[in-house]
2 protein chains.
Amino acid sequence: MATIRDVSKLAGCSVATVSRVINRKGYVHKNTEEAIKSAMKALNYSPDRIARSLAGKGSLTVGLVIPDILNPFFPQLARAIEDVASDNGYNVILCNTSNDPAKERKCLDVLISKRVDGILLASSTILPEQILELQRSAIPVVLIDHQFPEIPILSIVARNREGGAIAVRHLLEEGCRKIGHIRGPLHVAASLDRCLGYEDECGSEPWFIPSLIAQGDFHSEGGFRAMQELISRHPDIDGVFAGNDQMAIGALHALYKLGIEVPQQVKLIGFDGIASNRTVPQLSTVSQPIYTMGSQAMEYLLRLIAGETLPQQVHEFEVQLVIKETTKAEGRMAVQ
Amino acid sequence: MATIRDVSKLAGCSVATVSRVINRKGYVHKNTEEAIKSAMKALNYSPDRIARSLAGKGSLTVGLVIPDILNPFFPQLARAIEDVASDNGYNVILCNTSNDPAKERKCLDVLISKRVDGILLASSTILPEQILELQRSAIPVVLIDHQFPEIPILSIVARNREGGAIAVRHLLEEGCRKIGHIRGPLHVAASLDRCLGYEDECGSEPWFIPSLIAQGDFHSEGGFRAMQELISRHPDIDGVFAGNDQMAIGALHALYKLGIEVPQQVKLIGFDGIASNRTVPQLSTVSQPIYTMGSQAMEYLLRLIAGETLPQQVHEFEVQLVIKETTKAEGRMAVQ
DNA sequence: ATGAAAGCGCTAACAA
DNA sequence: TTGTTAGCGCTTTCAT
């Protein structure tokens with residue numbers, strides 16, 4: 001690998017001048033610039049980013065910490081982030097924590113010691129203290145899909161509570177008269193908010209009882225089990241709002257196994273908008289603008305890295321009701 | 001951030017000694033070691049990985065280049081790779097090329113200039129020359145889901161051709177007498193091999209004609225369109241092998257829209273094993289051991305990085321027929 | 001068993 | 001406009 005010194009020799013100038021043309025900074029004569037450029041070309045030179053980072057420039061790398069890469073929500077987010085990052089010359093180090101706080105902690109330490117220029121934190125098990133510690137080490141952070149009201153930090157989230165309410169309202173409008181909810185993990189903010197949205201809509205209905213809420217885990221397996229529970233507790237249930245699409249898929253599967261027709265006997269709606277074309281019958285859902293959220297998060301992070309001071313507050317994104325087949329009133333459509 | 005110098009001062013020794021205990025290398029007295037360790041603790045010291053890399057040690061980072069993070073196959077692969085990597089103290093830089101050769105090329109350049117210790121290449125649009133160039137720069141590479149017979153390089157693939165044949169044979173055994181195939185992108189090796197497997201089994205059947213092969217794109221939308229084409233060209237088709245599960249889901253959806261019953265009128269099978277519970281009826285498929293393939297790839301890469309010389313050849317993984325509902329001869333099972 | 005010092009490749013004053 | 005040089009934080013001979 002050619003170094004900046006090789007280039008300077010070939011171009012007959014000093015390394016400083018070469019550095020100047022690399023960074024387009026400071027004055028440099030047209031002719032020498034040409035000479036340097038062709039020397040770089042001749043040597044197939046490409047600056048060593050490690051050395052550059054060590055010398056004080058950023059690493060042009062950001063860390064992305066996510067809890068579960070198997071949940072399609074996160075690859076979609078990662079896609080957006082990677083797009084914006086690479087458009088701006090940045091790379092993304094991916095850290096999947098598998099919801100393991102120890103791994104998460106280690107992740108953050110490593111990212112810092114790798115001098116990433118910023119961190120995108122989409123992990124749901126993160127603790128407030130860790131955020132504070134990150135902020136102390138002066139590294140820009142943007143939170144995604146999570147928020148800490150008590151800490152001033154830039155966060156990107158969807159209107160989860162409103163989304164939950166929208167989902168349930170849709171079920172009510174489609175004629176459901178006893179609606180269950182499969183909620184996500186207890187400690188996850190998004191899952192709580194969606195559950196609150198559910199309660200907003202039907203907490204005061206005469207038929208409502210707390211046992212209509214079953215505990216899931218944001219995975220399809222949890223959705224499967226929760227659906228079975230729900231049916232055994234309330235065989236007369238006719239609508240279910242699952243806290244995310246993965247669980248909705250599990251629930252759909254459980255209903256099918258139980259011989260219950262969707263949407264004829266039970267209508268089902270999820271949350272996220274990741275499964276639209278991935279299931280048959282197609283899943284109704286409340287979708288988040290995942291790509292927009294991801295790219296916005298990365299753009300904020302870039303601005304923080306550039307030294308801007310942004311308001312450290314929550315940026316909420318609108319959600320959208322997507323009506324597909326699992327909530328259609330008329331049931332499975334007529335053939336042709 | 002504390003540096004090695006700070007630690008050495010506090011511990012009353014030289015930086016060299018500190019370096020020795022960091023790297024567990026060379027002799028160092030029990031007492032000084034203790035002193036150094038407590039100094040590190042007191043200063044909350046963590047060695048700067050950038051400096052470490054510059055000084056000649058590896059970067060403890062590998063690059064993962066994938067074509068399409070939205071296809072669940074790749075997150076599953078990434079999951080395995082990230083697990084093995086982080087178990088070994090490595091980080092993964094994720095590069096999504098979106099099947100864009102220019103981006104792919106840039107990716108590789110950047111990875112090299114970031115001094116990654118190795119690269120996992122799962123991109124399907126990669127060209128032989130690029131591999132050769134990588135090898136020239138002496139950076140370890142393992143290919144995934146792709147192979148170049150003409151170049152000596154370690155590759156991880158599933159038995160795609162055999163898998164394709166297994167899928168078709170299963171359809172034949174279930175009584176299909178006219179089987180179509182929805183193939184993946186033209187330039188992708190895996191998609192070609194699966195197609196060849198299809199032809200191995202039914203290329204010589206009396207009913208076979210090339211128009212039974214429709215062109216897809218590995219996405220569900222492509223599967224949807226291809227299935228429509230197939231039906232309009234051959235209304236009497238009674239079995240379909242889709243080149244991956246994504247397309248199979250699209251195909252199932254198309255069949256459903258056309259009012260064609262699966263599996264009664266048409267049996268359908270996919271490839272990959274990523275869609276287990278996502279469809280009603282559940283999708284039969286030929287599954288690849290994705291997690292194993294990913295972790296094996298990373299393990300090979302680690303060994304290459306460690307300096308081992310491994311046989312530069314193709315490591316093929318067995319695939320497995322997973323019979324679910326879309327190919328059941330008796331059709332949809334009775335309720336309960 | 002430990003230390004001094006020379007890099008690794010680049011950037012950024014400071015001079016010239 | 002260009003060059004000299006001192007770091008950035010760590011590893012690693014080579015002495016001691």
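Values below: every heavy atom of this structure, side chains too, minus hydrogens, waters and symmetry copies. Letters A, B, ... are given to chains in the order of the sequence lines, protein chains preceding strands, and every chain is numbered from 1.
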Looking only at non-hydrogen atoms, find the nearest pair between B:A78 and A:I69 and report the distance. CB-CD1, 3.8 Å
Between A:E33 and A:K37, is there a salt bridge with N-O shorter than 4.0 Å? yes
What distance separates B:Q288 CD from B:M293 CE, expressed to the nearest 0.5 Å? 4.5 Å
For B:E104, all residues meeting salt bridge (charged side-chain N to carboxylate O under 4.0 Å, His left out), sequence neighbours excluded: none
Where each residue is assigned the nucleotide of DNA chain D containing its nearest heavy atom, which of B:T17 and B:L54 is assigned the position nearer the 5′ end? B:L54
Enumerate donor-acceptor pairs with a distance under 3.5 Å from any side-chain N or O in residues 46-65 of chain B to protein atoms, sequence neighbours excluded.
unit_1, atom_1, unit_2, atom_2, d
B:D48, OD1, B:I50, N, 2.7
B:D48, OD1, B:A51, N, 3.0
B:D48, OD2, A:R115, NE, 2.5
B:D48, OD2, A:R115, NH2, 2.6
B:R49, NE, A:S113, OG, 3.1
B:S53, OG, B:R49, O, 2.7
B:S59, OG, B:T61, N, 3.4
B:S59, OG, B:R115, O, 2.6
B:S59, OG, B:D117, OD1, 3.3
B:T61, OG1, A:K114, NZ, 2.8
B:T61, OG1, B:S59, O, 3.0

Taking only residues two or more places apart in sequence or in another chain, which ones pass salt bridge (charged side-chain N to carboxylate O under 4.0 Å, His left out) with B:E308? B:R303
Rounded to whole angstroms, how far apart are CD1 on B:I36 and C1' on C:dA1? 11 Å
If you fit an axis to the five pairs at each end of the helix from C:dA1-D:dT16 to C:dA16-D:dT1, how big is the angle between those two axes, to 10 degrees? 40°
Mind running a 4.0 Å heavy-atom check of residues 26-35 of chain A against DNA chain D and sending the residues that fall below it, in number order? A:Y27, A:V28, A:H29, A:T32
Checking A:D100 side chain against A:T97 main chain: does a donor-acceptor pair fall under 3.5 Å? no
Identify every side-chain donor-acceptor pair in residues 134-145 of chain A under 3.5 Å, counting partners at least two apart or on other chains, and give the distances.
unit_1, atom_1, unit_2, atom_2, d
A:Q135, NE2, A:P152, O, 3.1
A:S137, OG, A:L134, O, 2.8

For nucleotides 11-16 of chain C, read 5' to 3', which letter fits each nucleotide if B means a protein heavy atom sits under 4.0 Å from the base, S means only the sugar-phosphate is that close, and - means neither? SB----
Those residues at least two apart in sequence (or on a different chain) that pass ring-ring contact (aromatic ring centres under 6.0 Å, His included) with A:Y291 are none
Under 4.0 Å from any heavy atom of chain B: name the first and the last nucleotide of DNA chain D that qualifies, 5' to 3'. D:dG9 to D:dT12
For residues 77-105 of chain A, pull every pair meeting ring pair (Phe, Tyr, Trp, His ring centres under 6.0 Å), keeping only residues two or more places apart or in separate chains. none
Nearest 0.5 Å please: distance from the CG atom of A:L10 over to the OH atom of A:Y45. 13.0 Å
Gap between atoms CG and C1', on A:D6 and C:dC10 respectively (whole Å): 13 Å
Excluding sequence neighbours, so at least two apart, what forms side-chain hydrogen bond (donor to acceptor under 3.5 Å, both in side chains) with A:E133? A:R105
Ring pair (Phe, Tyr, Trp, His ring centres under 6.0 Å) pairs, two or more places apart, involving residues 124-151 of chain A: A:H146-A:F148
